[in-house]
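Numbers restart at 1 for each chain; the letters A, B, ... are given by sequence-line order, proteins then strands. All of these numbers come straight from a predicted model, not from anything done at the bench.
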2 protein chains.
Amino acid sequence: MTIEAEPKAPRTDTRKRILKTAASLFATHGYAGTSIRDLSQELGLTKAALYYHFTSKEDILAELIEQPVLAIRGVMEQEWDLTSSEQRGLFVEAVLRAMSTCDREVVAVFKDPTVAPLIDQSVAMTGVTTQLAVRLAMGLSGVDDPADVEPRHLVRAIAAVGAGYEAANGWRVVYPECETFSDMDLKAISGYVTAVLDAESPDPEVEARS
Amino acid sequence: MTIEAEPKAPRTDTRKRILKTAASLFATHGYAGTSIRDLSQELGLTKAALYYHFTSKEDILAELIEQPVLAIRGVMEQEWDLTSSEQRGLFVEAVLRAMSTCDREVVAVFKDPTVAPLIDQSVAMTGVTTQLAVRLAMGLSGVDDPADVEPRHLVRAIAAVGAGYEAANGWRVVYPECETFSDMDLKAISGYVTAVLDAESPDPEVEARS
DNA sequence: GTCTATAAGAAGATAGAC
DNA sequence: GTCTATCTTCTTATAGAC
């Protein structure tokens with residue numbers, strides 16, 4: 001019995017090829033902007049072939065985001081005291097690590113406006129980035145109820161999450177050969193986030209708002 | 001001749017109503033995720049009525065983004081020495097001011113992946129946020145050619161622009177009654193951007209990358 | 001596992017009545 | 001300025017041959 005590199009069914013990587021290509025197209029053209037036809041042409045397959053591997057377009061999306069969404073939810077369900085800058089940094093790193101459990105192009109899909117409602121149905125999780133921002137803002141305000149968050153802290157947290165999200169997302173463009181984040185990378189990105197959270201820039205004027 | 005509040009043709013605000021509603025829907029569901037049918041139903045009109053006011057769906061989009069894109073391009077075409085943090089702050093404020101020339105919901109459209117290629121054709125401007133990031137990264141690296149930008153500066157600038165973009169975009173959610181940015185608001189947002197640009201967080205490891 | 005062929009509907013867009 | 005009706009193309013998805 002000699003060693004054979006490809007045993008007998010090496011072509012069943014089609015499923016993975018589909019997921020990989022779908023992630024790339026969704027990231028580039030958006031979920032709604034990518035049709036099954038686009039995807040099948042890019043793969044050199046027919047539409048029908050895709051429907052052999054997946055039951056629907058949404059099914060492809062669901063499989064793409066399942067892992068990272070579950071991982072992030074796991075991190076969010078832990079107990080976190082986010083009132084200190086250090087703890088917030090660790091929290092952000094944990095989230096980034098959870099996000100790294102998926103193909104890197106999938107990250108771009110998280111903010112696709114046409115994807116959010118679909119995530120709700122399948123995995124029961126609304127606006128990942130929004131939830132993160134609210135969580136961090138609660139830490140900044142030192143409150144336990146999202147409703148008690150100070151608006152100025154919320155915009156600040158939204159900006160901070162935006163920095164982290166774009167950094168993680170831009171990583172694949174700037175460092176195409178980098179497959180996963182190193183610890184240094186994570187430190188760098190979470191550094192951007194905490195920089196915004198802890199910035200001594202003037203907070204927006206609160207007086208003029210009701 | 002007495003003063004009459006509504007002279008005689010007050011219903012020609014339909015065009016503006018369309019633009020307003022389109023901006024809202026595009027921001028919420030994305031450009032590709034919003035159909036002419038969705039838009040007409042939201043407006044209580046028929047599709048044909050929309051096509052009386054605009055020649056195409058893309059025409060609506062073009063009119064929405066024309067002003068801010070021209071304004072931002074105007075700022076970008078100026079001479080800027082972005083090697084100092086102060087100058088970068090002023091640059092960012094100028095860009096934000098230019099962005100404020102449009103309906104606030106239009107801001108969300110700028111990052112719609114299905115919109116970017118359409119902007120290219122109509123206004124000849126690719127990836128507004130990417131261009132901003134490159135410009136700021138050039139300042140950080142102290143170079144005049146985008147090709148000479150250091151990767152670590154580019155990711156940092158991408159994160160910084162992300163912070164500013166999300167702050168500007170999140171503003172309308174956190175402060176719904178706020179129509180335009182005050183000077184204090186602009187200072188706050190540009191503060192988030194410069195916080196990332198000037199953060200002393202560890203830059204990503206450069207060694208492992210080619 | 002992949003194909004051809006096709007259904008059923010929604011998309012963007014137009015013609016012409018009122 | 002808005003309507004009804006229609007056209008064409010594209011969409012997701014299925015049936016059945018190979």
Checklist entry - How long is the gap from CZ on A:Arg152 to CG on A:Leu140, to the nearest 0.5 Å? => result 9.0 Å
Next on the checklist: Taking atom CG as the centre, does B:Asp145 end up with more than 12 heavy-atom neighbours from other residues, nucleotides or ligands that are less than 6.0 angstrom away?
Outcome noted: yes
Checklist entry - Which whole-number value in Å describes the distance from B:Phe54 CZ to D:dG1 P? => result 12 Å
Next on the checklist: Taking salt bridge (charged side-chain N to carboxylate O under 4.0 Å, His left out) as the cut-off, I'd like each qualifying pair that reaches into residues 18-33 of chain A, sequence neighbours left out, listed once.
Outcome noted: A:Lys20-A:Asp103
Checklist entry - When rounded to the nearest 0.5 angstrom, what distance separates CD in A:Glu166 from OG1 in B:Thr129? => result 7.0 Å
Item to check | Nearest to side-chain heavy atoms of B:Ser56, which nucleotide of C:dA13, D:dT2, C:dT2 | outcome: C:dA13
Item to check | Axis-to-axis angle between the two ends of the helix from C:dG1-D:dC18 to C:dC18-D:dG1 (five base pairs per end, rounded to 10 degrees) | outcome: 0°
Checklist outcome for this item: A:Leu50 CG to D:dT12 P, in whole Å, measures 10 Å
Checklist entry - When you measure from every atom of DNA chain C, which of residues 26-46 of chain B have a heavy atom less than 4.0 Å away? => result B:Thr34, B:Ser35, B:Ile36, B:Arg37
Checklist entry - Are A:Arg15 and A:Phe54 in a cation-pi contact, defined as NZ or CZ under 6.0 Å from the six-membered ring centre and within 45° of the axis? => result yes
Item to check | From D:dT12, C:dT4, C:dT2, nucleotide with atom closest to A:Tyr52 side chain | outcome: C:dT2
Checklist entry - In residues 16-23 of chain A, which residues come under 4.0 Å of DNA chain C by heavy atom? => result none
Checklist entry - Counting side-chain heavy atoms from C-beta on, which of D:dG1, D:dA13, C:dT4 comes nearest to A:Ala48? => result C:dT4
Next on the checklist: Under a 3.5 Å distance rule, please check whether A:Arg135 uses its side chain to pair with a backbone N or O of A:Leu82 as donor and acceptor.
Outcome noted: no
Checklist entry - Atom OH of B:Tyr51 to atom C1' of D:dT6: distance rounded to whole Å? => result 14 Å
Next on the checklist: Does A:Glu63 have more than 12 heavy atoms from other residues, nucleotides or ligands lying within 6.0 Å of its CD?
Outcome noted: yes
Item to check | Whole angstrom value for the distance that separates P of C:dA11 from NZ of B:Lys47 | outcome: 8 Å
Next on the checklist: Using the side-chain hydrogen bond (donor to acceptor under 3.5 Å, both in side chains) criterion, which residues pair with B:Glu93? Sequence neighbours excluded.
Outcome noted: B:Arg97, B:Lys187
Item to check | Gap between atoms CD and P, on A:Glu58 and D:dT11 respectively (whole Å) | outcome: 18 Å
Next on the checklist: Let me confirm one number: the CZ-CG distance from B:Phe110 to B:Leu64, rounded to the nearest 0.5 Å.
Outcome noted: 10.0 Å
Checklist entry - Are any of A:Thr14's side-chain N or O atoms less than 4.0 Å away from OP1 or OP2 of C:dT2? => result yes
Checklist entry - Counting N and O atoms only, with roles assigned by atom type, does the side chain of A:Thr194 sit under 3.5 Å from a partner on the main chain of A:Gly89, one being a donor and the other an acceptor? => result no
Item to check | salt bridge (charged side-chain N to carboxylate O under 4.0 Å, His left out): pairs with one or both residues in residues 28-55 of chain B, sequence neighbours excluded | outcome: none
